[in-house]
Protein chains: 2
Amino acid sequence: MALEHAILVSLTERAGSGYELARRFDRSIGFFWPATHQQIYRVLRRMDDAGWITHTDVAQDGRPDKKVYEVSEDGRSELARWLAEPVDPAILRDGLAVKLRGASLGDTAAVLREVERHRAEHATRLETYRGIQRRDFPKPDKLNGRELHQYLVLRGGVRAEESFLGWCDEVIQAMRSESTS
Amino acid sequence: MALEHAILVSLTERAGSGYELARRFDRSIGFFWPATHQQIYRVLRRMDDAGWITHTDVAQDGRPDKKVYEVSEDGRSELARWLAEPVDPAILRDGLAVKLRGASLGDTAAVLREVERHRAEHATRLETYRGIQRRDFPKPDKLNGRELHQYLVLRGGVRAEESFLGWCDEVIQAMRSESTS
DNA sequence: CAGGACATGTAACAGGTTACATGATTAT
DNA sequence: ATAATCATGTAACCTGTTACATGTCCTG
């Protein structure tokens, strides 16, 4: 019920093809609402049928044709309607937490190595976010409207990754000192 | 592919019925791996068929009969096998972030109110976690093994909620001062 | 007497994943 | 030559959600 709306937000910012949307989801909005290209194609068709978006076939030389989608008036009002509704709280599905909880039922050292691996991945993601922040929002005090909202979402990503890294460090430290005591 | 393993972890800690598992998921492990009772019943049957768990029918007076499940040897080795595997990074699906990103395309004030509502819900959840921490782990320095791991998972929950609250405050402050400038 | 907890389940549907298919261009 | 990028799609499958069904006991 919300992939449609995530796509409406993204397409309102800029029109694009299914493929382009899938790239955007990989790089930005998908950190908060992940989606594969198959999901996106399926939902785009449904939205097109419902009249929330329209498409234009664009021929390209050397590359396959693409369908560039843009948001219709109906899509805009549907988005406005959805924005005024309450949303469910964020859903987190963290296999690493499940593993840590069961660590003593298997190879504890392997779970610790897995925590270290995740720490490295999240450190990379944090650097990505900080790069975007420096490049796109160098003066956050001056922002308002859409740009401010985009910046604030990014800040959420930065905070979440910082928090995750801090947790990994706490886990790594506690598990290391446990095994040597 | 991991609800099975979350259930194995929970059932190893303590045997129980599908209903009891569903309650546990609501209160603890489900904060990191949510599941409804229907999902749990379906997966329990599959695990029973696969021989990872066994059940005993327990008659109760005044209450319906229940099937108490416990983990078999095969289940234990499956869990150990899974624990040594890499896990995918945590998946976050946050409709509030999508709304904030699109806020300027609708009623910005309504989105702000929604952020305030989520802040309150997460404050409650944080208090729940802190209550468990005080009750079950009053002296965290002394912990090791399974208890240490349970404590560390809870710490992850506390950190995540603290981080979320901090983000909400940042958003609320930025959006309020924007609308008055 | 209404509502909630206890206990398990079926059925239908919506959402998400994985594998495969096609075919051109560009970079290594 | 090989792989990667661009671009769209089908099919099969698994996971997750919502609604409904049943029946007892306990509490307000």
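A sub-4.0 Å separation between OP1 or OP2 of C:dG9 and a side-chain N or O of B:Arg45 is present. In this model, the phosphate group of D:dT8 is not approached by any side-chain N or O of A:Tyr19 to a distance below 4.0 Å at OP1 or OP2. Taking only side-chain nitrogens and oxygens, A:Arg46 comes nearer than 4.0 Å to OP1 or OP2 of C:dG15. Dashed line: the shortest gap from a side-chain N or O of A:Arg23 to OP1 or OP2 of D:dT5 is not under 4.0 Å. When the side-chain nitrogen and oxygen atoms of B:Gln39 are compared with OP1 and OP2 of D:dT15, none of them lie within a distance under 4.0 Å. In this structure, A:Ser17 does not reach the D:dC6 phosphate: none of its side-chain N or O atoms is under 4.0 Å from OP1 or OP2. Remark: A:Tyr41 is not in phosphate contact with D:dG9, judged by side-chain N or O atoms under 4.0 Å from OP1 or OP2.
For A:Glu70, the CD atom sits in a loose shell: 12 or fewer heavy atoms of surrounding residues, nucleotides or ligands are nearer than 6.0 Å.
With hydrogens and angles ignored, a donor-acceptor pair under 3.5 angstrom links the side chain of A:Arg42 to the base of C:dG16.
Residues A:Leu126 and A:His122 have side chains not in contact (no heavy-atom distance under 4.5 Å, counting atoms from C-beta outward).
Counting to the nearest Å, the C1' atom of C:dT22 and the NE2 atom of A:His37 are 13 Å from each other. Atom-to-atom, CD1 of A:Ile40 to C1' of D:dT8 comes out at 13 Å; the value is rounded to the nearest Å. As rounded to whole Å, 16 Å separates atom P of D:dA7 from atom NE2 of A:His55.
The aromatic rings of B:Phe31 and B:Tyr129 stand perpendicular to each other, their planes meeting at an angle above 60°, with 30° marking the opposite boundary. Using cut-offs of 30° and 60° on the angle between ring planes, the pair B:His37 and B:Tyr41 is perpendicular.
Of the residues near DNA chain C, B:Asp65 and B:Ile91, the one whose nearest nucleotide (by heavy atom distance) lies more toward the 5' end is B:Asp65.
Across all strands shown, B:Gln60 has heavy atoms under 4.0 Å from sugar-phosphate atoms exclusively, and none from any base.
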